[in-house]
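For reference, the structure is listed below as structure tokens.
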Amino acid sequence: MSIELLIENYGLLAIFLGAAFEGETAAFLGGVISHRGLLTYWSASLAATAGSFAGDQLWFFVGRYAAQWGFVRRLMKKPALARATQLLERYPTGFIFAFRFLVGLRTISPIVIGTTRIPTGKFVIMNAAAAFVWGQLFTGLGYLFGHGIQQILGHLPLHRHLLIAIGAAAVVAAAAFAFRKMKLSARHS
């Protein structure tokens, strides 16, 4: 079975699950794959949107209804959680909309929000809107990246195109993580 056939058969499910549990890389690769014509842009971006929404809803409900579970209590003691809680208290609506764009806070934020008094309905609506923007943004970036790679390097075999995209996503993620660490270190100095 070729990689193209795998993507055509399971690509949307992979983008959905990847966006739910990993995030940006899955949406970005969905854009690259849609640029290659194996999936439509709208199907890839909506799979990323739905995955992001579903994953964050799951974590919200974990915070809301499973706050006494051991792993949730351990998670609530992490230093990043204090920062997320601080931002949530100062800017509740803005934080709900923006947390998925904040490196290092994406997974824990819905759990934190779930432990607060923020109404479930408000979170569902804000989460849906933010997931839509996020899904379009990262899938669109992947689509544009795929186009750029093709303009620079020509039409590459799919596996090379995807490896370059994964490498670029890893470099961007590492740079964002390093920038965040430097910013936090500067704050604590």
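Connection of Leu46 to Leu13 is not established within any shared hydrophobic cluster, with ILVMFWY side chains joined at heavy-atom distances below 4.5 Å, either directly or through further cluster members. Residues Val133 and Phe123 fall within the same hydrophobic cluster, defined by Ile, Leu, Val, Met, Phe, Trp and Tyr side chains chained together at heavy-atom separations under 4.5 Å. By the rule that hydrophobic residues join a cluster once side-chain heavy atoms approach within less than 4.5 Å of another member, Leu17 and Leu58 end up as members of one cluster.
A distance of 9.5 Å separates CZ in Phe145 from CG in Leu29, rounded to the nearest 0.5 Å. For the atom pair CZ of Phe16 and OG of Ser43, the computed distance is 14.0 Å after rounding to the nearest 0.5 Å. Taken from OH in Tyr65 to CZ in Phe61, the straight-line distance is 6.0 Å, to the nearest 0.5 Å. If you take CZ on Phe95 and CD on Glu89, they are separated by 10.5 Å, rounding to the nearest 0.5 Å.
In this view, Ile118 and Leu88, Pro92, Ile96, Ile113, Thr116, Lys122 satisfy the side-chain contact (heavy atoms from CB on, under 4.5 Å) rule, not counting sequence neighbours. Tyr41 meets the side-chain contact (heavy atoms from CB on, under 4.5 Å) test with Ser34, Ser45, Gln136, Thr139, Tyr143; sequence neighbours excluded.
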Practice task
Report the C-alpha distance between Phe99 and Ile108 in whole Å, list the side-chain angles of each, state the deciding distance to 0.1 Å, and finish with yes or no for side chain to side chain contact (heavy atoms under 4.5 Å, CB included).
Solution key: CA-CA 9 Å; Phe99 73 80; Ile108 63 169; over 6 Å; no

Handout entry: Full working for side chain to side chain contact (heavy atoms under 4.5 Å, CB included) between Leu12 and Leu39
Key = CA-CA 8 Å; Leu12 293 176; Leu39 300 171; 4.0 Å; yes

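Taking both residues in full, the closest heavy atoms of Ala48 and Ala27 are given as CB-CB, 3.7 Å, listed atom of the first, atom of the second, then distance. Pairing each heavy atom of Phe97 with each of Ala129, the nearest pair is CE1-C, 3.9 Å. Between Ile15 and Gly30, the shortest heavy-atom distance links the atoms CD1-CA, 3.5 Å.
The shortest distance between side-chain heavy atoms of Phe28 and Thr25 does not fall below 4.5 Å. Contact of the Phe60 side chain with the Val124 side chain is not registered, since no non-hydrogen atoms from C-beta on lie closer than 4.5 Å.
Tested against Thr49, the residues Phe138, Trp134, Phe132 include a single side-chain contact (heavy atoms from CB on, under 4.5 Å) partner, Phe132.
Within the structure, salt bridge (Lys or Arg N to Asp or Glu O under 4.0 Å) contacts touching residues 47-70 (residues at least two apart or in different chains) are Asp56-Arg100.
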